[in-house]
Chemist: 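Before we start, here is the structure in question, set down as structure tokens.
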There are 2 protein chains.
Amino acid sequence: MNEFAAEPEPEDEALQDGGARPRTRIQRRNTGAILDAALEVFSAQGFRGATLDQIAEVAGLSKPNLLYYFASKEAIHVELLSGLMDTWLDPLREMDPEGEPEAEIMAYVRRKLQMARDYPRESRLFANEILQGAPRMRAAIEGELKDLVDEKAAVIRGWQQAGKIAGVHPHHLIFSIWALTQHYADFDMQVRAVLGPEGEDPFPEAGKFLDTLFGRLLAP
Amino acid sequence: MNEFAAEPEPEDEALQDGGARPRTRIQRRNTGAILDAALEVFSAQGFRGATLDQIAEVAGLSKPNLLYYFASKEAIHVELLSGLMDTWLDPLREMDPEGEPEAEIMAYVRRKLQMARDYPRESRLFANEILQGAPRMRAAIEGELKDLVDEKAAVIRGWQQAGKIAGVHPHHLIFSIWALTQHYADFDMQVRAVLGPEGEDPFPEAGKFLDTLFGRLLAP
DNA sequence: GAAATCTTTGACCCTTTGGTCAAGGACAGG
DNA sequence: CCTGTCCTTGACCAAAGGGTCAAAGATTTC
């Protein structure tokens with residue numbers, strides 16, 4: 001079970017009224033189970049591909065019971081996404097303008113790779129949403145996300161002007177970190193298939209590779 | 001209109017029988033329009049999210065007419081995917097073991113980035129398929145794709161042992177090329193949103209960035 | 001321990017969707 | 001210009017899917 005998306009924003013919205021947080025123990029347990037099941041199904045099938053029956057089955061509840069806790073399929077999805085954005089941006093927020101430039105960026109890379117490993121479903125949910133043109137997240141991406149990236153890009157530019165790291169385009173540097181780390185979650189199936197049936201964990205090697213890559217890219 | 005996926009394999013399968021290639025001019029035109037429309041819709045909505053009505057509308061045909069040319073929704077999808085794999089791997093096939101190592105890899109990166117720019121729908125179709133665990137492509141990925149990657153990884157290892165390029169993990173090097181180039185197609189919406197409303201083409205800058213990145217990564 | 005308040009679900013409803021079919025048009029080829 | 005093949009579609013159909021509801025079961029509260 002995973003609180004990752006369930007915790008940040010107190011789920012509710014449903015339960016006809018619309019004021020209170022999860023009250024009873026039962027409510028907390030069931031909304032948690034629903035969000036976890038929905039994450040499982042939405043991340044694997046996309047919004048339109050997922051069905052309430054599938055989510056209900058994974059959650060171990062009946063379909064009408066889902067709809068007792070959430071007003072609609074869409075409401076479940078929105079709940080997941082709104083919890084996601086914050087957690088998704090946290091590793092970037094932690095990048096400290098006062099820190100040692102190369103170390104800060106390398107640490108960011110490692111945090112993102114760790115997230116890809118620990119929360120692949122969240123990564124795929126996000127990927128699905130962007131792939132379809134972000135119909136339910138456009139605002140957050142053009143607002144929150146863009147603002148944070150612009151802010152950190154400015155920090156990076158400062159480091160570059162101080163000669164601490166190489167002068168590569170800050171926005172594209174950030175894109176490259178996203179692309180390279182999330183790839184291991186979103187394309188996990190392909191990565192494992194290509195590496196062969198030995199079934200060993202690709203992440204340790206990926207970590208080493210990314211250390212080398214960004215080490216060389218950032219050297220002033 | 002785009003022949004990319006329509007041409008490689010002669011579409012047919014439908015038309016009740018199952019022997020002949022597109023015979024008439026009408027047939028060629030309509031199967032082409034259907035595959036192009038299906039690429040549009042599948043790449044944007046995923047398989048389950050797409051509907052025959054949407055595809056029919058984009059193609060400018062009636063739904064029963066679609067099903068005159070293709071046996072089922074699934075048949076259209078399969079047709080697209082089977083045409084895709086070959087084209088997708090071509091840029092890697094072209095990497096020449098006899099060529100100058102760094103130049104060969106850089107050229108591969110540029111070809112892939114060019115594909116992301118010219119064929120974003122194909123990239124997203126592929127991404128959708130892998131994200132959902134590749135239910136209809138597993139065989140091709142574990143076979144054709146893995147084989148080619150293994151072959152080229154061996155070539156790269158040879159170059160590394162000859163001291164021509166840095167000794168990074170060949171498979172992860174290839175993954176990084178895929179991740180970094182396809183990101184600009186698959187996450188296009190996000191890339192453009194973050195770069196801001198100026199609406200300028202991200203690809204020229206991406207090209208410069210990737211030149212720097214791989215130049216530094218590969219230097220022996 | 002009974003009233004008031006949550007939870008749960010079987011049965012149902014309406015829309016969407018993949019797919020069928022028979023009949024009517026368009027187009028060769030002779 | 002007529003016949004046999006190819007193409008097109010309006011009308012249907014059955015299944016799936018999102019969502020509702022009333023009534024029955026649990027829990028809590030006093």
Side-chain angles (χ1 to χ4, degrees), chain A residues 10-35 37-38 40-42 44-80 135-136, chain B residues 10-35 37-38 40-42 44-80 135-136:
Chain A
E11 0 54 18
D12 194 305
E13 256 72 66
L15 291 169
Q16 316 332 356
D17 54 62
R21 265 76 266 242
R23 280 150 288 206
T24 77
R25 182 176 341 165
I26 283 182
Q27 228 163 97
R28 198 180 303 272
R29 170 168 53 78
N30 284 349
T31 52
I34 291 170
L35 288 171
E40 187 76 25
V41 177
F42 282 138
Q45 315 273 357
F47 179 73
R48 300 208 39 179
T51 73
L52 286 178
D53 294 276
Q54 284 175 87
I55 297 172
E57 187 180 342
V58 174
L61 298 171
S62 67
K63 183 169 64 170
N65 208 2
L66 284 199
L67 293 163
Y68 171 73
Y69 290 102
F70 289 89
S72 64
K73 181 184 177 182
E74 174 113 26
I76 303 177
H77 196 238
V78 166
E79 181 69 32
L80 281 176
R136 296 166 227 282
Chain B
E11 359 55 13
D12 193 306
E13 257 72 65
L15 291 171
Q16 316 333 357
D17 53 63
R21 265 74 269 238
R23 278 150 290 204
T24 77
R25 181 177 342 166
I26 283 181
Q27 226 163 98
R28 199 180 302 274
R29 170 168 53 78
N30 283 350
T31 51
I34 292 169
L35 288 171
E40 189 75 25
V41 178
F42 282 138
Q45 315 272 0
F47 179 74
R48 298 207 42 181
T51 74
L52 286 178
D53 293 277
Q54 285 176 84
I55 298 172
E57 187 180 341
V58 174
L61 298 171
S62 67
K63 183 170 63 170
N65 209 1
L66 283 199
L67 294 163
Y68 172 73
Y69 290 102
F70 289 90
S72 67
K73 181 184 177 183
E74 173 113 25
I76 303 178
H77 197 238
V78 166
E79 182 69 32
L80 281 176
R136 300 175 218 309

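Just so it is clear: chains get the letters A, B, ... in the order the sequence lines come, proteins before strands, and each one is counted from 1.
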Chemist: Rounded to whole Å, please give me the gap between CZ in A:F70 and C1' in C:dT7.
Modeler: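 After rounding, the gap between these two atoms is 15 Å.
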
Chemist: Strictly by salt bridge (Lys or Arg N to Asp or Glu O under 4.0 Å), give each pair with a member in residues 50-69 of chain B just once, sequence neighbours left out.
Modeler: B:D53-B:K63

Chemist: What is the distance, rounded to the nearest whole Å, between atom CG of A:N30 and atom P of D:dT27?
Modeler: 12 Å

Chemist: Quickly work out the A:Y68 OH to D:dA23 P distance and round it to whole Å.
Modeler: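 Interatomic distance, OH of A:Y68 to P of D:dA23: 18 Å.
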
Chemist: If I take atom CG in residue B:L67 and atom P in nucleotide C:dT17, what distance separates them, rounded to the nearest angstrom?
Modeler: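 Rounded to whole Å, this separation is 14 Å.
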
Chemist: Give, for atom CD1 of A:I34 and atom CG of A:L52, the distance between the pair rounded to the nearest 0.5 Å.
Modeler: 10.0 Å

Chemist: What integer distance in Å separates B:N65:CG from C:dG25:P?
Modeler: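 Taking atom P of C:dG25 as the reference, CG of B:N65 is at 16 Å.
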
Chemist: Looking at residues at least two apart in the chain, or sitting in another chain, which of them share a side-chain contact (heavy atoms from CB on, under 4.5 Å) with A:A50?
Modeler: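 side-chain contact (heavy atoms from CB on, under 4.5 Å) check on A:A50 returns A:V41, A:F42, A:Q45.
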
Chemist: Which heavy-atom pair separates B:H77 from B:F47 by the least distance, and what is that distance?
Modeler: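 The answer is CG-CD1, 3.4 Å.
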
Chemist: What are the atom names and distances for every N/O pair under 3.5 Å that joins the protein to nucleotides 28-30 of chain C?
Modeler:
none

Chemist: Of all the nucleotides listed (C:dT7, D:dC21, C:dC21), which has the minimum atom distance to the side chain of A:P64?
Modeler: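 For A:P64, the side-chain atoms sit closest to D:dC21.
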
Chemist: Please identify each residue that fulfils side-chain contact (heavy atoms from CB on, under 4.5 Å) with A:A37, with sequence neighbours left out.
Modeler: A:I55, A:V58, A:A59

Chemist: Side-chain N or O of B:Q27 versus OP1/OP2 of D:dC7: is the shortest distance under 4.0 Å?
Modeler: yes

Chemist: Which residues within residues 47-63 of chain B lie with some heavy atom under 4.0 Å of an atom in DNA chain D?
Modeler: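 DNA chain D contact set from residues 47-63 of chain B: B:R48, B:S62.
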
Chemist: Tell me: CD1 of A:I26 to P of D:dT28, nearest whole Å?
Modeler: 7 Å

Chemist: Roughly how many Å is it from CZ in A:R29 to C1' in C:dT8, rounded to a whole number?
Modeler: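 The answer, rounded to whole Å, is 12 Å.
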
Chemist: Say you draw a straight line from CG of B:N30 to OH of B:Y69; how long is it, rounded to the nearest 0.5 Å?
Modeler: 4.0 Å

Chemist: Can you name the closest pair of heavy atoms from A:A38 and A:I76 and give their distance?
Modeler: CB-CG2, 3.4 Å

Chemist: Starting at CD of B:E74 and ending at P of C:dG19, how long is that distance when rounded to a whole Å?
Modeler: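 Spelled out: CD on B:E74 to P on C:dG19 is 9 Å.
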
Chemist: Can you name the residues that form a side-chain contact (heavy atoms from CB on, under 4.5 Å) with A:E40, not counting sequence neighbours?
Modeler: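 Partners of A:E40 by the side-chain contact (heavy atoms from CB on, under 4.5 Å) criterion, ordered by chain and then number, come out as A:R121.
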
Chemist: Nearest 0.5 Å please: distance from the OG1 atom of A:T31 over to the CD1 atom of A:I26.
Modeler: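 Nearest 0.5 Å value for the OG1-CD1 distance: 11.5 Å.
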
